[in-house]
Amino acid sequence: MYYVYVLRSLKDGRLYKGLTQNVEERLNQHNQGENRSTKGFTPWELVLTKSFDSREKARDYEKYLKSGSGREFLKEIL
């Protein structure tokens with residue numbers, strides 16, 4: 001299973017979108033500062049996850065969330 005996840009920084013409210021096979025482990029990595037792009041904005045909270053059968057489908061959804069219409073969608077549901 002592949003998961004697309006969205007994190008929100010408790011420091012400034014920014015969102016981070018990613019793809020993983022283990023959401024819990026990935027969240028811990030973000031909160032421990034192991035990811036350069038999220039390191040300065042810890043702590044993070046998980047606000048959305050969606051599962052997919054294939055990496056390709058998950059990647060397509062992640063790309064959608066990072067697009068303009070995907071960001072608008074996230075604003076509406078969060």
Side-chain angles (χ1 to χ4, degrees):
M1 253 336 187
Y2 293 88
Y3 301 90
V4 173
Y5 62 94
V6 178
L7 304 177
R8 181 183 358 222
S9 169
L10 296 177
K11 184 175 185 176
D12 68 358
R14 74 179 58 214
L15 298 178
Y16 177 86
K17 300 101 181 164
L19 183 150
T20 188
Q21 287 184 298
N22 186 331
V23 176
E24 208 172 289
E25 180 181 325
R26 194 68 180 118
L27 176 60
N28 288 333
Q29 290 172 345
H30 285 291
N31 280 325
Q32 291 171 7
E34 295 178 21
N35 183 306
R36 191 167 33 127
S37 62
T38 60
K39 185 177 181 175
F41 308 100
T42 57
W44 293 90
E45 68 175 341
L46 185 65
V47 293
L48 179 81
T49 59
K50 188 168 179 175
S51 61
F52 296 88
D53 293 332
S54 73
R55 188 178 194 287
E56 294 76 25
K57 289 178 184 175
R59 182 71 179 121
D60 287 344
Y61 190 67
E62 180 191 20
K63 283 182 180 180
Y64 163 70
L65 291 179
K66 291 179 176 182
S67 73
S69 56
R71 286 192 299 271
E72 287 300 315
F73 167 75
L74 287 173
K75 273 186 198 175
E76 288 176 19
I77 66 166
L78 302 177

Would you call [X] and [Y] a side-chain contact if the rule is heavy atoms closer than 4.5 Å?
X	Y	value
L65	V4	yes
V47	L74	no
Y2	S51	no
L48	I77	yes
N35	R26	yes
L7	H30	yes

Tell me whether E56 is salt-bridged to R59, with the criterion being a basic N under 4.0 Å from an acidic carboxylate O. no
Is the closest basic N to carboxylate O distance between K17 and E62 below 4.0 Å?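 Looking at K17 and E62, the cut-off is not met.
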Backbone of [Y] reached by a side-chain donor or acceptor of [X] within 3.5 Å:
X	Y	value
S54	K57	yes
K11	G40	yes
S9	F41	yes

For atom CG of D53, decide whether the heavy atoms of other residues, nucleotides or ligands shown that lie under 6.0 angstrom number more than 12.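 Count not over threshold, so no.
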Flag if over 12 foreign heavy atoms under 6.0 Å of NZ, K66: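 Correct, the count exceeds 12.
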Side-chain heavy atoms nearer than 4.5 Å, only ILVMFWY residues, links allowed to pass through others: does that put L46 and Y16 together? yes
In one Ile/Leu/Val/Met/Phe/Trp/Tyr side-chain cluster, 4.5 Å: Y61, L78: yes
With rounding to the nearest 0.5 angstrom, report the [atom1] to [atom2] distance, [X] to [Y].
X	Y	atom1	atom2	answer
E25	N28	CD	CG	8.0 Å
K63	L19	NZ	CG	11.0 Å
Q32	L27	CD	CG	9.5 Å

Please test W44 against T38 for side-chain contact (heavy atoms from CB on, under 4.5 Å), starting from the C-alpha separation and ending with a verdict. CA-CA 9 Å; W44 293 90; T38 60; 3.6 Å; yes
Mind running side-chain contact (heavy atoms from CB on, under 4.5 Å) on F52 and M1 for me, showing each step along the way? CA-CA 6 Å; F52 296 88; M1 253 336 187; over 6 Å; no
